[in-house]
Amino acid sequence: MNMPVIMNSKPKVLVTRRWPAAVEAQLAERFDTEFNRTDTPLTSAEFRSALARFDAILPTVTDKLGAEALDVSAPQTRLLANYGVGYSHIDADAVRTHGITVSNTPDVLSECTADIAMTLMLMVARRAGEGERELRAGEWTGWRPTHLVGAKVSGKVLGIVGFGRIGQAMAQRAHHGFGMKILVQNRSAVPQDVLDRYGATQVETLDAMLPQCDFVSLHCPGGAANRHLINSRRLDLMKPDAFLINTARGEVVDEHALAQALMFDCIGGAALDVFDGEPRIAPVLLDCDNLVMLPHLGSATRETREAMGMRVLDNLVDYFEGRDPRDKVL
Ligand SMILES: NC(=O)c1ccc[n+]([C@@H]2O[C@H](COP(=O)([O-])OP(=O)(O)OC[C@H]3O[C@@H](n4cnc5c(N)ncnc54)[C@H](O)[C@@H]3O)[C@@H](O)[C@H]2O)c1
């Protein structure tokens, strides 16, 4: 339980990026809010300075709150209310050392992120990116029986790595919408009634699941524990015509191993919404034709971005009224 926070004035809150206007207005009304209007993320030095001045900071995935940015003594900041569900950009050891609470925004973005994973799966299997590039370049010569022939999605086997909120939303779409057979790899055992909802089967190990899949979609968290979970050895375990979809975090895939696998046709193709070290894109990826790339659009709908903001607001109110934030993760 968080100790009641008794403050004579409104808590001082820093918003690190632009947010939907409606949520910014509500934040400004309830808190003494400062907005970063520069359109560039804060540096580590700016974060250290902010940690001395603000009661709460509202970061996003673009804010690298690693050990360097959190290398402060006795910070004023008591809460990092993250705008997003993934929080592997925040150094868990450092926040624990400082006794800083961290919250996130689960659930409200699961459907839209699963929609983007489905979009990517369809785009790469049906060669939609290649087709659009060809058409815009004025290179389309007309319908031909063998032109840009892709792979069928319906009825195929989808392996889901990480069967949490978004993994299950993906299974819902793929199984009930596309008649796909669902295999699951999760850190802990998934209850049978949850698997049954999606006609899914949990496979004991990732290595055992990969050779059985036509599509593999990643929905686990990032961070050190899952860094390069998909490496060259595991890409070799995939079928030569299988597709890899990553809407989780860039570091989960060894991108250089992926580029090699794509160039030498060890797998059929890949589709990425997230990148290791984004927004920098490893140049080797840009040379891969059988790769679809989106600029981290998973939660990017008007409805979801507002809902994420409202969820952060709920967590702030919880905390400053003396309760644990409802979405406390650290
Ligand atoms: N592309 C985007 O815009 C976007 C949007 C939202 C979330 N995400 C990413 O999606 C992730 C999942 O979100 P969620 O809300 O579904 O989280 P969640 O906590 O509900 O589910 C994650 C699941 O992954 C499992 N897991 C962890 N490590 C694993 C491993 N090595 N192998 C197999 N399973 C593993 C966990 O047991 C858990 O069931 C987030 O952490 C975030 O990084 C991306």
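Note that ligands are numbered from 1 as they come in the structure, with each ligand's atoms numbered from 1 the same way.
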>> Testing the 3.5 Å rule here: is there a donor-acceptor pair between the side chains of Thr101 and Arg78?
In response: no
> Do Thr113 and ligand 1 have an N or O pair less than 3.5 Å apart?
Replying inline: no
>> Checking a contact table here: which protein heavy atom is nearest atom 32 (N) of ligand 1, and how many Å away?
In response: Val161 CG1, 4.0 Å
> Considering only protein heavy atoms, which is closest to atom 34 (N) of ligand 1, and at what distance to one decimal place?
Replying inline: Arg187 N, 3.2 Å
> What protein heavy atom is closest to atom 40 (C) of ligand 1, reported as residue, atom name and distance in Å?
Replying inline: Val85 CG1, 3.9 Å
> Should the heavy atoms of other residues, nucleotides or ligands under 6.0 Å from CZ of Arg133 be counted, would the total exceed 12?
Replying inline: yes
>> Ignoring hydrogens and geometry beyond distance, is a side-chain donor-acceptor pair present between Arg144 and Thr141 at under 3.5 Å?
In response: yes
> Is it true that the side chains of His296 and Glu278 contain a donor and an acceptor less than 3.5 Å apart?
Replying inline: yes
> Any side-chain donor paired with an acceptor under 3.5 Å for Asn186 and Gln202?
Replying inline: no
> Any non-hydrogen atom of Ala248 lying under 4.0 Å from ligand 1?
Replying inline: yes
>> More than 12 heavy atoms of other residues, nucleotides or ligands under 6.0 Å from CD of Glu303: yes or no?
In response: yes
> For atom 27 (C) of ligand 1, what is the nearest protein heavy atom, given as residue, atom name and distance?
Replying inline: Pro221 CD, 3.3 Å
>> Does only the side chain of Arg249 get under 4.0 Å from ligand 1, or the backbone, or both, or neither? Count heavy atoms.
In response: side chain
> Does the side chain of Thr16 pick up a donor-acceptor pair with the side chain of Asn36 at under 3.5 Å?
Replying inline: no
>> Check this for me - ligand 1, Asn226, N or O atoms closer than 3.5 angstrom, yes or no?
In response: yes
>> Just to be sure I read this right, does ligand 1 sit under 4.0 Å from the backbone of Asn186, its side chain, both, or neither, counting only heavy atoms?
In response: both
>> Give me the residue, atom name and distance of the protein heavy atom closest to atom 22 (C) of ligand 1.
In response: His219 O, 3.6 Å
>> Testing the 3.5 Å rule here: is there a donor-acceptor pair between the side chains of Asn315 and Asp327?
In response: yes
> Between Ile166 and ligand 1, which part of the residue brings a heavy atom under 4.0 Å of the ligand: side chain, backbone, both or neither?
Replying inline: both
> What protein heavy atom is closest to atom 20 (O) of ligand 1, reported as residue, atom name and distance in Å?
Replying inline: Arg165 N, 2.9 Å
> Hey, which atoms in ligand 1 end up nearer than 4.0 Å to a heavy atom of His296?
Replying inline: 1 (N), 2 (C), 3 (O)
>> Please list, in number order, the atoms of ligand 1 under 4.0 Å from a heavy atom of Ser299.
In response: 3 (O)
> Any idea how Tyr198 and Phe163 line up, ring-wise: parallel (<30°), tilted (30 to 60°), or perpendicular (>60°)?
Replying inline: perpendicular
> Hey, is Arg227 close enough to Asp276 for a salt bridge, meaning N to O under 4.0 Å?
Replying inline: yes
>> At less than 4.0 angstrom from any non-hydrogen atom of Gln185, what atoms of ligand 1 do you find?
In response: 33 (C), 34 (N)
> What atoms of ligand 1 come within less than 4.0 Å of a heavy atom belonging to Cys220?
Replying inline: 11 (C), 24 (O), 26 (N), 27 (C), 28 (N), 29 (C), 35 (C)
> Where is the nearest protein heavy atom to atom 8 (N) of ligand 1: which residue, which atom, and how far?
Replying inline: Thr247 O, 3.8 Å
> Given His147 and Glu134, is the side chain to side chain donor-acceptor pair (under 3.5 Å) satisfied, shown in steps?
Replying inline: CA-CA 11 Å; His147 177 231; Glu134 181 187 281; 2.8 Å; yes
> Starting from atom 24 (O) of ligand 1, which protein heavy atom do you reach first, and at what distance in Å?
Replying inline: Gly162 CA, 3.3 Å
